[in-house]
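Please read all numbers here as calculations on a predicted model, not as lab measurements. Read the numbers this way: they start at 1 and go in the same order the structure lists the ligands and their atoms. We number each residue from 1, following the sequence as shown.
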Amino acid sequence: MASFSVRFLGCKVSYTDAHEIRDRLLADGHRERSADAEVAVVNTCCVTHEAVRKSRQVVARAARSHDRVYVTGCGANLTGDAFNGVAGDVVVVNRRSEETPAFVAGDVGALACARHENRVDRVRAFVKIQDGCSFSCAFCVVPLVRGGSRSRSAAAVVAEIRRRVEQGHREIVLTGINLGCYRDRQHGYTLARLLREAGSIAGLARLRLSSIEVNHLTNDLLAAMRETPTVSPHLHVPLQSGDDRVLAAMRRRYDARTFLRRLAPAAGFQLTTDVIVGFPCEDDRAFRRTLSVVAEAGITKCHVFPYSPRPGTTTAADDPVPPPVKKERSARLRAASHRACVEHWRGKVGRADVVLVDRPGRGYGDDYSPWLVDAPVGELVGVRGAAVTEEGILAA
Ligand code: SF4
């Protein structure tokens with residue numbers, strides 16, 4: 001039996017991948033330890049140059065304090081050589097996410113010991129329903145490191161959600177790289193059907209989608225979201241740019257007008273997004289269009305990513321926008337996003353909501369707005385908005 005620790009960098013899919021490795025090691029009888037573990041697993045990210053740098057830093061730190069480090073995830077698949085020269089026993093696992101837990105467990109040495117209860121130490125659980133992407137956005141390295149889109153069977157997803165709910169999780173977040181591509185063809189499931197079924201599992205308090213491409217925002221999906229009481233009225237829809245020329249160069253599958261049109265039926269949902277700032281052909285005018293599409297769509301939170309060329313992508317060799325310009329545009333967009341969030345929160349003053357407390361003093365309301373509440377972690381509490389702070393809505 002070995003002791004191990006698992007860390008992840010990056011998105012919710014990276015989190016679920018790391019968790020699957022953790023589950024597998026626990027199932028094999030290994031012990032998780034926050035300090036002094038023999039083995040470390042670092043599930044890395046390569047979505048930007050900065051993400052690779054941080055991944056390397058975490059791996060190097062882990063190699064100093066563990067006997068062996070397994071480097072898994074996107075960073076390991078794209079740029080295994082990023083971890084060359086890290087002192088220590090470092091194994092770079094260049095494999096698909098489905099194969100990685102078994103590989104790591106096999107290497108650590110599967111010891112069929114007593115089974116552990118592998119509850120995630122979080123109030124919400126992330127359940128991966130899909131992996132990979134068959135789109136080909138010009139800037140994106142994900143299809144190169146994760147392969148084409150494939151889906152889990154609906155039965156496996158529903159069984160996992162049931163298990164998580166039995167373990168005490170109140171909220172489930174369905175994750176994937178390109179969720180709208182979800183299909184269980186053999187059993188006739190689309191994302192909308194899966195959502196209806198998953199959202200009806202007894203004991204589940206809240207169900208959310210991690211993100212969805214605007215092209216996949218169908219009437220059927222929106223109807224499923226509105227008609228299933230546990231589904232949160234929140235949509236994270238990546239915009240990336242509000243300028244048609246930039247969108248075309250990015251090889252996104254919509255223009256700004258289409259983006260707005262497809263979001264219109266989602267009135268009443270809280271909308272959040274991802275935006276890349278400083279893409280090669282983005283000038284100030286194009287950037288201003290992004291600001292105005294964000295405002296027109298009624299988007300609150302923008303996750304802003306300064307453009308970073310990734311190896312192997314169409315735009316790998318292009319990065320003409322100077323870093324100070326990217327920085328200045330990022331700051332403008334983040335400031336606009338913060339104003340939109342605060343405005344959204346103000347609309348909740350005097351209104352009732354139900355908050356899932358996910359850490360001391362804080363939690364998220366029905367539409368994933370942040371609340372400041374005084375209640376035990378893990379509780380779902382009825383609240384009423386009293387005031388707005390810079391960090392969220394103050395519960396009365
Ligand atoms: S949809 Fe585009 S940005 Fe998203 S993972 Fe696929 S290729 Fe990357």
Side-chain angles (χ1 to χ4, degrees), residues 8-17 43-52 73-79 96-98 126 128-152 173-183 190-191 209-218 221 235-256 258-259 262-263 271-282 290 293-294 299 302-316 318-319 333:
F8 80 100
L9 294 97
C11 65
K12 295 184 180 84
V13 175
S14 175
Y15 170 79
T16 51
D17 288 349
N43 208 64
T44 56
C45 175
C46 67
V47 75
T48 60
H49 178 69
E50 181 61 11
V52 174
C74 291
N77 279 285
L78 179 72
T79 52
R96 284 188 158 209
S97 60
E98 295 93 328
F126 298 95
K128 186 161 79 172
I129 66 168
Q130 180 275 345
D131 202 341
C133 182
S134 302
F135 288 13
S136 49
C137 300
F139 54 83
C140 187
V141 78
V142 170
L144 303 177
V145 294
R146 287 195 169 265
S149 176
R150 64 261 181 209
S151 303
R152 288 176 74 192
V173 184
L174 301 182
T175 67
I177 296 296
N178 196 336
L179 276 188
C181 292
Y182 181 83
R183 291 285 179 287
T190 59
L191 181 60
L209 292 180
S210 62
S211 87
I212 184 108
E213 289 292 320
V214 79
N215 322 59
H216 294 141
L217 212 50
T218 59
L221 182 63
L235 283 166
H236 184 81
V237 187
L239 168 64
Q240 309 302 13
S241 171
D243 179 78
D244 289 346
R245 202 166 69 93
V246 174
L247 286 169
M250 285 177 165
R251 292 211 210 118
R252 300 292 287 170
R253 300 179 175 200
Y254 51 84
D255 57 18
T258 309
F259 185 86
R262 295 201 78 120
L263 274 185
L271 303 174
T272 58
T273 198
D274 297 328
V275 174
I276 294 173
V277 165
F279 190 74
C281 61
E282 184 191 77
T290 298
V293 170
V294 166
I299 288 167
C302 291
H303 297 270
V304 182
F305 299 92
Y307 171 72
S308 164
R310 307 310 301 128
T313 62
T314 310
T315 54
D318 303 334
D319 192 13
L333 185 52

Worksheet item: Listed by chain and number, what are the side-chain hydrogen bond (donor to acceptor under 3.5 Å, both in side chains) partners of D319, not counting sequence neighbours?
Response: K326

Worksheet, complete the sentence: Within 4.0 Å of some non-hydrogen atom of I177, the atoms of ligand 1 are 5 (S)

Item to complete: Answer with yes or no after comparing the ring centroid distance for H216 and F135 against a 6.0 Å cut-off, counting only values under it.
Response: yes

Atom pairs and distances, side-chain donor-acceptor, residues 138-146, under 3.5 Å, sequence neighbours left out:
from: R146; atom 1: NH1; to: D17; atom 2: OD2; distance (Å): 2.9
from: R146; atom 1: NH1; to: D131; atom 2: OD1; distance (Å): 3.1
from: R146; atom 1: NH1; to: D131; atom 2: OD2; distance (Å): 3.0
from: R146; atom 1: NH2; to: D17; atom 2: OD2; distance (Å): 2.5

Worksheet entry | Sequence-distant partners of T315, side-chain hydrogen bond (donor to acceptor under 3.5 Å, both in side chains), two or more places apart | Y307

Discussion item. E213 and side-chain hydrogen bond (donor to acceptor under 3.5 Å, both in side chains): which single residue from R252, R262, R253 fits?
Written reply: R252

Fill in: Atoms of the protein (N/O/S only) found under 2.8 Å from atom 2 (Fe) of ligand 1
C137 SG

Worksheet entry | Full working for side chain to side chain donor-acceptor pair (under 3.5 Å) between R183 and T190 | CA-CA 5 Å; R183 291 285 179 287; T190 59; 6.0 Å; no

